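None of the values given here were measured: they were computed from a predicted structure. Both backbone and side-chain heavy atoms feed into the values below; hydrogens, waters and symmetry mates do not.
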Amino acid sequence: MVAKDYPMVYLLIERADCGVDEPSGRGVMRSELEEPSSKRVKPLSRVTSLASLLPPVKAAPLKRIGQTLQRSISFRNDCRPEIIAPRPWSRQIAPAITKRRDSKLWSETFDVGLGHMLSSKEIKRQEAIFELSQGEQDLIEDLKLAKKAYREPMLKLSIMSEHELNQIFGTLDSLIPLHEDLLSRLREARKPDGSTDHMGHILVDWLPCLETYATYCSNQVAAKALLDHKKQDHRVHDFLQRCLESPFSRKLDLWSFLDIPRSRLVKYPLLLREILKHTASEHPDRQHLHHAMSMIQSIVAHINTQTGESECRYYKERLLYLESGQRDLLIDSSRILSCHGPLKNNRGLKLHVFLFQDVLVVTRAVSQNEQLCYQLHQQPIPVRDLEWDDLQDGEMRLGGSIRGAFSNSERTKNFFRVVFGSGGQLQTLCFQASDAFSKQQWLNCIRQAKEAVCPAGSEPQLLSVQTARQDRARPCSDYSMMDTSDACVDLSIECPPVHLTDVTAVKV
């Protein structure tokens, strides 16, 4: 989900060492007697991308704990880096050695002789505090890297306009001094032997600064969509590919760097909980840590809400209605996008389905004015009228006699059915998810949305819902499915989903 659960370093290019091993012995004497060669030396090829001029930065693999805000549940593994397909115009670059960021422990960084004076619990506390401090340093390096290696070169080389870069990078620049401040305070609180007695008051004073993350996180949906669109430009694609193959990137693409702040934000509660866990009950810092824990949970929840509302607005603005009758007040009034992502119907048609807080909207991803939009495929379905049914693998019959006759078990997996009333009649739609996990997440989101709209005891009765559930062999109907082949929107363009995952969901 992007709705979901829920971050730098200066580049210059290191020139290759072209030196030749120094000869020795008789070889030296022979070379001294030989006349200089008259052959021309082929000049080095001209660098066509600034990424080739950026020196590798000493760094190591980033620990990605959370992939989105706590509201998000990824229907697929978000940790997988985005794979950029090679373009015919891209130059093939030899793979470089990836620089890795070594993990550091407090006990390995400072004098271990202090260990005999500290209890096992206190050593774990020092490790947790050091992890917080080290994470701040890593975050600062990555944010500076995103600025120095990506934003500034793309602006200087006119690969993207300043307006586009501002949209993609958002308020990233403002986050750097914020985290430098915390790192500086934590280091000042550290004693010469490397241990830290009191740091809870530092967090209580600093945590309110994280409210500025609301603006950055709320911009991420639009930023990701614009970045995906700009990757179709061969200059942008070439630059990003070169950076990805350079050692400084640690095999992380640009979006991974832009997503690091949000991942860091949702990690703070875990870090504080670990410090609190190993802080003795009589320690004077414990009260401050409890206060800090309460503060960060409130801040994350607030940012989570604002980000969810921003995402909901973004997708509502990109819904296309072929007729005025498709407009629904339930869509206009929705502030929460519970779940969305690609699904197929029983005829194999690719759809993009949105589950807002009060309405299910079935669309097709289309391109309009070079923007990814979503054209309504049928009338919106109120959640209050919705029932669902999990179909067993192999139970689904695909539409069409020939298609159904030659279908195999793989094609009839991961289906679920929604049942709803329309015009006094019971209608059914069947959807196929990409895998069993995605299907279960869809069913969970539908169930939660239904429970929110119809609390126990107030659920309306649907016409013959039980009868429909018993009639499992009946093929699903695509009622009132509109033929959009003659629509003014170009449906022939295959538009990838905005998110890296196939399905994204918001957990409220």
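Between the side chain of E162 and the main chain of L155, no donor-acceptor pair closer than 3.5 Å is present. Remark: side-chain polar atoms of T363 are paired, donor with acceptor, to backbone N or O of H352 under 3.5 angstrom. Under a 3.5 Å cut-off, the side chain of S298 and the backbone N or O of S294 do not form any donor-acceptor pair. Of the possible polar contacts, none joining the R384 side chain to the V453 backbone as a donor-acceptor pair under 3.5 Å is found. A donor-acceptor contact shorter than 3.5 Å is absent between the side chain of D389 and the backbone of V418. Between the Q326 side chain and the L322 main chain, a donor and an acceptor come within less than 3.5 Å of each other. Formation of a donor-acceptor pair under 3.5 Å by the S161 side chain with backbone atoms of E164 is found in this model.
F420 CZ to Q379 CD: the interatomic distance, rounded to the nearest 0.5 Å, is 10.0 Å. The structure places CD of Q441 at 8.0 Å from SG of C339, a figure rounded to the nearest 0.5 Å. The distance from atom CG of L349 to atom NZ of K344, rounded to the nearest 0.5 Å, is 10.0 Å. Expressed to the nearest 0.5 Å, how far CD1 of I336 lies from CD of E309 amounts to 7.5 Å. To the nearest 0.5 Å, the span separating CG on L372 from CG on L226 amounts to 12.5 Å. For the atom pair L272 CG and M199 CE, the distance stands at 6.5 Å (nearest 0.5 Å).
Under the side chain to side chain contact (heavy atoms under 4.5 Å, CB included) test applied with L360, the options D385, L330, L429, L386 reduce to a single match, L386. Remark: of the listed residues Q241, R242, H234, R242 is the sole one forming a side-chain hydrogen bond (donor to acceptor under 3.5 Å, both in side chains) with D238.
The aromatic rings of F354 and H340 lie parallel to each other, with less than 30° between the two planes, well short of the 60° mark. Relative orientation of the Y150 and F239 rings is perpendicular, given thresholds of 30° and 60° on the angle between their planes.
More than 12 heavy atoms of other residues, nucleotides or ligands shown are found within 6.0 angstrom of NZ on K316. Atom CZ of R447 has more than 12 heavy atoms from other residues, nucleotides or ligands within 6.0 Å. Counting non-hydrogen atoms of neighbouring residues, nucleotides and ligands closer than 6.0 angstrom, the CD atom of Q287 reaches no more than 12 such neighbours.
The heavy-atom pair separating V361 from P380 by the smallest distance is CG2-CB, 4.4 Å. Considering all non-hydrogen atoms of both residues, S218 and S310 come closest at O-OG, 2.7 Å. D233 and R235 get closest at one heavy-atom pair: OD1-N, 2.9 Å.
For R417 and F415, the positive end is not near the middle of the six-membered ring at less than 6.0 Å and at most 45° from its axis. Judged by the 6.0 Å distance and 45° axis criteria, R318 is positioned over the aromatic ring of Y314.
Using a 4.0 Å cut-off between a side-chain N of Lys or Arg and a carboxylate O of Asp or Glu, K439 and D435 do not qualify as a salt bridge. For the pair R313 and E317, the salt-bridge criterion is not met [side-chain N within less than 4.0 Å of a carboxylate O]. Salt bridge annotation for K251-E245: absent, with no cationic side-chain nitrogen under 4.0 angstrom from a carboxylate oxygen.
Residues L343 and V362 are not in side-chain contact: their nearest non-hydrogen atoms beyond the backbone lie 4.5 Å or more apart. In this structure, the side chains of Y213 and L175 come closer than 4.5 Å at one or more pairs of heavy atoms. A heavy-atom distance below 4.5 Å is not found between the side chains of H288 and H291. Between F257 and K147 there is no side-chain heavy-atom pair separated by less than 4.5 Å. Using a 4.5 Å heavy-atom threshold, the side chains of T307 and E311 count as separate. Residues L227 and L254 form a side-chain contact, since some pair of their non-hydrogen atoms from C-beta on lies under 4.5 Å apart.
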Before you tell me yes or no, could you show the steps for Q448 and N444 under side-chain hydrogen bond (donor to acceptor under 3.5 Å, both in side chains), namely the whole-Å CA-CA distance, both residues' side-chain angles and the distance that decides it to 0.1 Å? CA-CA 6 Å; Q448 293 170 5; N444 290 341; 5.9 Å; no
| message | Test side-chain hydrogen bond (donor to acceptor under 3.5 Å, both in side chains) on H278 and E274; report intermediate values, then the result. | response | CA-CA 7 Å; H278 300 296; E274 189 69 12; 2.9 Å; yes
- With side chain to side chain contact (heavy atoms under 4.5 Å, CB included) as the test, would you mind laying out the steps for Y268 and M293 before giving the verdict? CA-CA 9 Å; Y268 282 119; M293 175 64 73; over 6 Å; no
Open item on the list: Please evaluate residues Y374 and L320 with respect to the criterion side chain to side chain contact (heavy atoms under 4.5 Å, CB included), reporting the C-alpha separation (whole Å), side-chain torsions for both, the decisive distance (0.1 Å), and the verdict.
Closed with: CA-CA 6 Å; Y374 303 91; L320 300 178; over 6 Å; no
query = Taking it one step at a time, do L210 and V300 satisfy side chain to side chain contact (heavy atoms under 4.5 Å, CB included)?
reply = CA-CA 9 Å; L210 290 178; V300 170; over 6 Å; no
Full working for side-chain hydrogen bond (donor to acceptor under 3.5 Å, both in side chains) between S256 and D253: CA-CA 5 Å; S256 296; D253 61 8; 2.6 Å; yes
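In this structure, H179 has its ring center under 6.0 Å from that of W206.
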